[in-house]
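Notes to accompany the following structure.
No hydrogens, no waters, no symmetry mates; every other heavy atom, side chains included, goes into these values. By convention in this document, chain letters (A, B, ...) are assigned in the order of the sequence lines, proteins followed by strands, and residues within each chain are numbered from 1.
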2 protein chains.
Amino acid sequence: MVTIRDVAKESGFSSTTVSIVLNDAPLARYIPVVTKKRIERAAEKLGYRPNQFARSLRSKRSHTVGVMVFDMTDPYCTLVLRGIENTLYQASYLPILTDVHNERSRFERYLEMLLDRRIEGLIVLANWLFLDINLLADLEKSSIPTTLIGCELKGDSMSSVIVDNEVGGYAALEHLHSLGHRKIAFIRGPKTLADSSPRWRGIRKCTKERGLDIDNQLVVDLPDSRDPLSSFEAGQKLTEEFIKQKREFTALLAFDDMTAFGAIRALDKHGWRVPERCSVTGFDDVAASALCTPPLTTIRQPMEAMGAGAVGIVLEGINSVLEKREVAAQHRKVAPQLVVRDSTRKAG
Amino acid sequence: MVTIRDVAKESGFSSTTVSIVLNDAPLARYIPVVTKKRIERAAEKLGYRPNQFARSLRSKRSHTVGVMVFDMTDPYCTLVLRGIENTLYQASYLPILTDVHNERSRFERYLEMLLDRRIEGLIVLANWLFLDINLLADLEKSSIPTTLIGCELKGDSMSSVIVDNEVGGYAALEHLHSLGHRKIAFIRGPKTLADSSPRWRGIRKCTKERGLDIDNQLVVDLPDSRDPLSSFEAGQKLTEEFIKQKREFTALLAFDDMTAFGAIRALDKHGWRVPERCSVTGFDDVAASALCTPPLTTIRQPMEAMGAGAVGIVLEGINSVLEKREVAAQHRKVAPQLVVRDSTRKAG
DNA sequence: GATCTCATGTAAATCGTTTTTTTAACTTGC
DNA sequence: GCAAGTTAAAAAAACGATTTACATGAGATC
């Protein structure tokens with residue numbers, strides 16, 4: 001390995017000067033161009049690459065941010081991660097990826113490992129979160145800029161980026177209603193999931209505004225489960241029960257895309273064609289939604305933008321810390337978007 | 001931050017002794033238990049955490065491996081990443097995740113960044129690879145243990161883990177044939193993709209063994225494209241052309257699941273019910289395959305195991321390097337598995 | 001002519017570990 | 001009584017950068 005001293009020797013200057021030139025430090029303005037050129041040429045010639053450990057040890061910077069996902073296999077993650085990666089790349093930061101598997105012990109272990117690596121910022125992707133929220137509160141102590149995606153923790157130290165669930169729930173029902181559907185089945189989210197209640201609130205808002213009645217017999221909740229795949233199975237089972245109980249409905253509003261996929265499976269099994277006999281809507285717009293047949297009408301979360309936004313907040317935070325400014329937590333709520341595909345159509 | 005010197009002061013011993021005790025270094029065997037206890041208690045009390053930069057600088061180890069993905073949005077990645085993460089976790093390594101977006105410049109930049117971080121190993125997920133293979137050959141120089149997933153580079157320095165495409169292609173066709181299908185349409189992979197030709201070879205092997213005729217009019221290739229989503233669109237378009245040309249077939253063997261989804265969309269659009277009128281098979285078993293309706297019969301790549309296997313090889317390599325043993329590249333070819341779901345059924 | 005500022009550079013301290021080398025006392029075995 | 005280990009601990013030398021403080025001469029200012 002070639003060190004800064006090798007470059008110093010090769011160029012004929014001291015390692016101090018080499019460091020100053022190569023980093024374009026403030027003092028570099030006193031250094032004549034010819035000197036700079038000579039040093040740069042020497043570094044080039046030797047293929048010098050600064051040792052990041054030494055650099056970090058001295059400067060206390062790692063140029064690294066931690067990314068903590070609660071369940072990588074949730075298809076929701078993919079695009080968010082892409083957004084995170086892309087924005088970090090442009091800022092020359094690298095992400096350390098950890099997957100908590102929704103387990104407390106893993107969360108704690110990974111958090112320690114990340115702090116040991118002196119990550120400068122942290123992004124937590126907590127969309128499908130079934131852990132004690134206190135776990136996250138612990139993060140507040142760490143004093144490194146942190147942004148939560150998909151779950152909000154009111155408070156002054158941790159930022160968050162979430163989708164406007166209420167607007168999304170409203171839009172989903174509005175879509176079905178304006179297609180003429182009046183008998184609608186609902187599969188709500190698990191009670192302990194933060195997204196569930198605002199989505200339902202949006203739905204209720206829409207029923208009130210439009211004077212739509214909801215049949216309580218047509219409303220069920222997904223069970224609590226750490227496994228995001230469970231919402232597929234539960235969606236299927238719950239829909240099947242609706243059918244077996246001979247409930248009448250022309251549309252089904254599912255908590256998320258996974259649930260919708262499960263519902264469609266159940267409907268198909270019992271000969272209810274989608275969308276002819278029953279329209280179905282989802283929420284999220286995961287990759288599969290555009291791929292399956294019929295493609296799913298759903299409420300899209302702007303996942304890539306959310307990832308990018310989270311990184312933006314964290315980078316701002318890092319800069320604030322560097323310049324010893326105060327950092328105030330930001331709470332962004334981004335608008336979802338109705339994506340009309342073929343799983344919904346006019347009633348009747 | 002509390003340093004080793006603080007622990008030394010607190011415990012009343014020198015920092016040398018503290019280091020030896022806390023790392024359980026060879027010399028620790030000369031240190032009496034009471035001393036150890038006292039030092040450990042002091043460390044505990046102060047909440048001492050060694051500075052990883054200093055440690056790495058001295059020991060030249062980073063406990064980090066690089067993960068380079070060619071396109072994160074390819075749903076193929078998810079489970080492989082899970083396998084990688086999980087295995088690294090058990091070995092107390094952390095992954096730095098990079099996404100090359102199938103772009104040469106990004107590849108080069110990221111590679112430099114990773115080498116600067118002194119990653120101890122590298123895993124390249126190159127399943128959908130449209131870059132000059134020479135790019136990968138450059139890696140050989142870096143002398144850090146590297147494993148390719150999804151693409152093989154014969155040679156002595158880089159390991160690989162790939163699926164046995166030939167066996168997979170064979171199994172897919174064998175399945176359709178044994179269901180009685182004789183008129184089968186084929187959508188092959190892009191010519192420049194490494195997987196394409198062995199899969200086709202497996203198919204040809206099966207036709208020969210079973211005396212099945214292939215109608216060349218029913219064989220088409222996916223176009224070259226960097227975007228994995230393109231195989232959905234191409235699958236749709238090519239299938240539509242088959243139909244418009246009034247070709248007769250009772251089954252369609254698609255290059256991968258994405259292609260199969262596209263094909264199903266086209267078939268559905270023209271009123272060909274799957275599987276009643278036409279059976280369809282895919283390859284990979286991405287998450288969506290089990291979720292869509294009808295669920296897709298496909299050839300599963302054991303993605304999680306492949307990720308785990310790649311990490312295993314890399315860790316072996318790291319240990320070999322540490323002990324100055326010679327490292328020989330390993331080339332593992334893992335068996336795929338036929339997963340029968342509802343997109344295929346008996347002909348006729 | 002004394003004092004300042006600027007321009008150009010270097011020596012030395014520092015970051016927080018790990019590792020090698022020393023020191024020194026205490027056992028053995030002969 | 002002494003060479004050869006063993007036990008216990010510390011001093012000092014890395015690791016490879018960055019940064020602070022200092023040195024020197026030249027020109028400007030008062």
Overall bend - the helix from C:dG1-D:dC30 to C:dC30-D:dG1, comparing terminal axes fitted on five pairs, nearest 10 degrees:
60°
Within the structure, does a side-chain N or O atom of B:Thr3 lie under 4.0 Å from either OP1 or OP2 of C:dG16?
no
Once you apply a heavy-atom cut-off of 4.0 Å, does B:Arg29 come out as touching a base, just sugar-phosphate, or nothing?
nothing
Donor-acceptor pair under 3.5 Å: do we get one between B:Arg58's side chain and the base of C:dT18?
yes
Check every strand shown and say whether A:Phe53 touches a base, only sugar-phosphate, or nothing at a heavy-atom separation below 4.0 Å.
nothing
Side-chain donor or acceptor of A:Ser59 under 3.5 Å from a matching atom on the base of D:dA17?
no
Are more than 12 heavy atoms from other residues, nucleotides or ligands located less than 6.0 Å from atom CD of B:Glu44?
no
Tell me, please, whether B:Phe13 has B:Arg38 positioned over its six-membered ring: NZ or CZ under 6.0 Å from the ring centre and within 45 degrees of its axis?
no
Sugar-phosphate, base or nothing in reach of A:Thr35, heavy atoms under 4.0 Å:
sugar-phosphate
Check the pair B:Glu112 / A:Arg49 against salt bridge (charged side-chain N to carboxylate O under 4.0 Å, His left out), numbers first and verdict last.
CA-CA 9 Å; B:Glu112 266 194 352; A:Arg49 307 243 88 209; 3.7 Å; yes
Between C:dC6 (P) and A:Ile31 (CD1): distance, integer Å:
17 Å
Most 5' of A:Tyr30 and A:Thr16 on DNA chain C, judged by nearest nucleotide
A:Tyr30
Along DNA chain D (nearest heavy atom to each residue), the more 5'-positioned of B:Thr17 and B:Arg118
B:Thr17
